[in-house]
Amino acid sequence: MPAPAFKSSFLCTIVERGGYQDCTDAEALDALLGKEIVTSYIGFDCTAPSLHIGSLVQIMTLRRLQQSGHKPIVVMGGGTTKVGDPSGKDESRQLLSPEQIESNKKSILRIFERFLKFGDGPTDAVMVDNADWLDKLEYIPFLRDIGRHFTINKMLTMDSVKLRLDRDQSLSFLEFNYMILQAYDFLELYRRYGCRLQCGGSDQWGNIVNGIDLGRRVSAAELFGLTSPLMTTASGAKMGKTAAGAVWLNAEQLSPYDYWQYWRNTEDADVGRFLKLFTDLPPDEIARLEALKGSEINETKKVLATEATALAHGRLAAEQAAETARRTFEEGALDARLPTFEIARARLEGIAVTALAHQAGLTSSASEARRHIEGGGLRLNDAPVKDVRATIAASDISSNGVIKLSLGKKKHILVKPV
């Protein structure tokens, strides 16, 4: 079903760029956005030291909101991470210690500084931690004042609950409370910041609606919810996952070069869609790039890779990644800016090539490396590795003091003995 026609800049932009899935009261929200600065939030739990690109649609939603003259709130889930969101999960998350959660939170904070402008101005973004209010709740008063607005009947119909129960997988009472805590977040943000809008992926629809209903019941507040589509590639794969692992947004977890390469390897059918969602290029320029066919589409992919990387890591890092790729693929040069894996020289000599490929992060396992060798896809210093039992010798270290391992034509890493 086509998205409604809107008048407000934010909703028009979200629709035009493919980030609109559903809205609780689209007409009323459109009118509100047109007459005042609207404060909106999205929550991000602190389950790892970095977010990955599965969160990028939501980050870009906050960016579009601010670009349209409204105020974004980034809610770090220091409190809800202690519970774990069951949405889309087949089993309970591993519980993290408070120290792990705090460390993850500090690491994630840096991501948002690339995408949003923070400060004290009317449309400047703010970052808050829901532990500030959730950690202080008293159990009996919370059950009496908030829990009475939720029925078990309705909670059992939530997709996050039904999925686990239908598969006869356990759902802890701890996780069962997550939807109440998220709803309470919305109420608390309305009270503290006048927040009227919660955004999220379409899998969060039920949680968002719960928060809207709670705000109406407790504070007679008119709140709104907006969701974006869950992202998959044209081939149906989930965004943010590769054979080598997650596509992280922090440089410590994934280098800007590897991040650039991820976007460069986008499927042809996804290029236009990703340009709209994940770059700030104007629509007319995207239309021109979308129209390129044949081998020219590779140039469009390079534009996508550079623009997406510039947002996440800065323009300089993006241009350096693009130049490293050009030198590596077009000139066959050994660029020192390729990702580097350091290993003790004593461990390097005699190690199996399959084990080194795995340890360096080129493959997800040694057995995967063996399969690539058998298929002719793994190279050592640009020469195909022909024996699955091959080991590293001192003579493999180049005059530059490194070993170049390659998987296919587009994935390379320098192994540096130390």
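Proximity of a side-chain donor or acceptor of Gln66 to a complementary backbone N or O of Lys117 within less than 3.5 Å is detected. Checked by atom type and distance alone, the side chain of Lys71 pairs as donor or acceptor with a backbone atom of Gly121 at under 3.5 Å. In this structure, Arg196 contributes its side chain and Phe224 its backbone to no donor-acceptor pair below 3.5 Å.
Counted by atom type alone, Asp270 and Thr233 present zero donor-acceptor pairs between their side chains at under 3.5 Å. With 3.5 Å as the limit, one finds a donor-acceptor pair spanning the side chains of Asn250 and Ser107. Side-chain contact, Gln198 with Gln204: no donor N or O sits under 3.5 Å from an acceptor N or O. Between the side chains of Asn130 and Tyr41, no donor N or O sits under 3.5 Å from an acceptor N or O. There is a side-chain donor-acceptor pair under 3.5 Å between Asp30 and Ser8. Side chains of Thr300 and Glu290: no donor on one and acceptor on the other come within 3.5 Å.
When side chains are defined from C-beta on, Glu252 does not count as touching Ser50, because their heavy atoms never get closer than 4.5 Å. You'll find the side chain of Trp205 reaches within 4.5 Å of the side chain of Thr24, heavy atoms only. The side-chain heavy atoms of Leu380 and Leu405, taken from C-beta on, include a pair separated by under 4.5 Å. In this structure the side chain of Arg63 reaches within 4.5 angstrom of the side chain of Leu116, judged on heavy atoms. Residues Met231 and Ile53 form no side-chain contact, since every pair of their non-hydrogen atoms from C-beta on lies 4.5 Å or further apart. Contact check for Thr279 versus Val303: no side-chain heavy atoms found under the 4.5 Å cut-off. Inter-residue side-chain proximity for Phe278 and Leu311 is flagged as unmet; no heavy-atom pair is nearer than 4.5 Å. Residues Trp133 and Asp185 form a side-chain contact, since some pair of their non-hydrogen atoms from C-beta on lies under 4.5 Å apart.
Of all non-hydrogen atoms in Arg17 and Pro283, the two that sit nearest each other are NH2-CD, 4.3 Å. Listed here is the closest heavy atom pair of Asn207 and Met179: OD1-CB, 3.3 Å. The shortest non-hydrogen separation linking Leu226 to Cys23 is CD1-CB, 4.1 Å. What you find for Phe118 and Asp124 is that their closest heavy atoms are C-CB, 4.0 Å. When all heavy atoms are compared, the tightest approach of Ala308 to Tyr259 is O-CE2, 3.8 Å. The minimum heavy-atom distance between Ala357 and Ala369, with the atom names listed, is CB-CB, 4.0 Å.
Between Ser40 atom OG and Leu65 atom CG the span is 5.0 Å, to the nearest 0.5 Å. Note that CG of Leu223 and SG of Cys195 are 8.0 Å apart. Values are rounded to the nearest 0.5 Å. Here the straight-line distance linking atom OG of Ser219 with atom CD of Glu188 works out to 9.5 Å at 0.5 Å rounding. Taking OG1 of Thr81 as the start and CD of Gln100 as the end, the distance is 11.5 Å to the nearest 0.5 Å. Rounding to the nearest 0.5 Å gives a distance of 7.5 Å between OG of Ser68 and CD1 of Ile14. Between the OG1 atom in Thr227 and the CD atom in Gln58 there is a gap of 9.0 Å [rounded to 0.5 Å].
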Check the pair Leu51, Ile59 against side chain to side chain contact (heavy atoms under 4.5 Å, CB included), reporting the backbone distance first and the verdict last.
CA-CA 10 Å; Leu51 302 174; Ile59 296 173; 4.1 Å; yes

Checking salt bridge (charged side-chain N to carboxylate O under 4.0 Å, His left out) for the pair Asp280/Arg64: CA distance, chi angles, key distance, verdict?
CA-CA 9 Å; Asp280 281 342; Arg64 307 295 184 211; 2.6 Å; yes

Decide yes or no on salt bridge (charged side-chain N to carboxylate O under 4.0 Å, His left out) for Arg326 and Glu323, but give the supporting numbers first.
CA-CA 5 Å; Arg326 186 191 69 78; Glu323 175 61 14; 2.8 Å; yes

Verdict with reasoning, Thr354 to His358, per side chain to side chain contact (heavy atoms under 4.5 Å, CB included)
CA-CA 6 Å; Thr354 53; His358 170 46; over 6 Å; no

Does the side chain to side chain contact (heavy atoms under 4.5 Å, CB included) test come out yes or no for Leu378 and Leu362, once each step is laid out?
CA-CA 10 Å; Leu378 189 66; Leu362 198 63; 3.7 Å; yes

Check the pair Leu197, Phe10 against side chain to side chain contact (heavy atoms under 4.5 Å, CB included), reporting the backbone distance first and the verdict last.
CA-CA 12 Å; Leu197 173 64; Phe10 172 57; 4.2 Å; yes

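Between Glu285 and Arg288 there is a salt bridge, with a side-chain nitrogen of the basic residue lying less than 4.0 Å from a carboxylate oxygen of the acidic one. Using a cutoff of 4.0 Å between basic side-chain nitrogens and carboxylate oxygens, Lys105 and Glu102 are scored as salt-bridged. We find that Lys302 and Glu299 are joined by a salt bridge, their nearest charged nitrogen and carboxylate oxygen being less than 4.0 Å apart. Contact check on Arg264 versus Asp258 returns no salt bridge, with no Lys/Arg side-chain nitrogen under 4.0 Å from an Asp/Glu carboxylate oxygen. Classification of Glu296 and Lys301 as a salt-bridged pair fails, no side-chain N sitting under 4.0 Å from a carboxylate O. Taking the charged nitrogens against the carboxylate oxygens, Lys276 and Glu16 have no contact shorter than 4.0 Å, which rules out a salt bridge.
Between Phe274 and Trp263, the angle of the ring planes goes over 60°, which puts this pair in the perpendicular group of the 30/60° scheme.
Two rings, from Tyr20 and Phe6, have their centers less than 6.0 Å apart.
The 12-atom threshold is exceeded at CD of Glu267, counting heavy atoms of other residues, nucleotides or ligands nearer than 6.0 Å.
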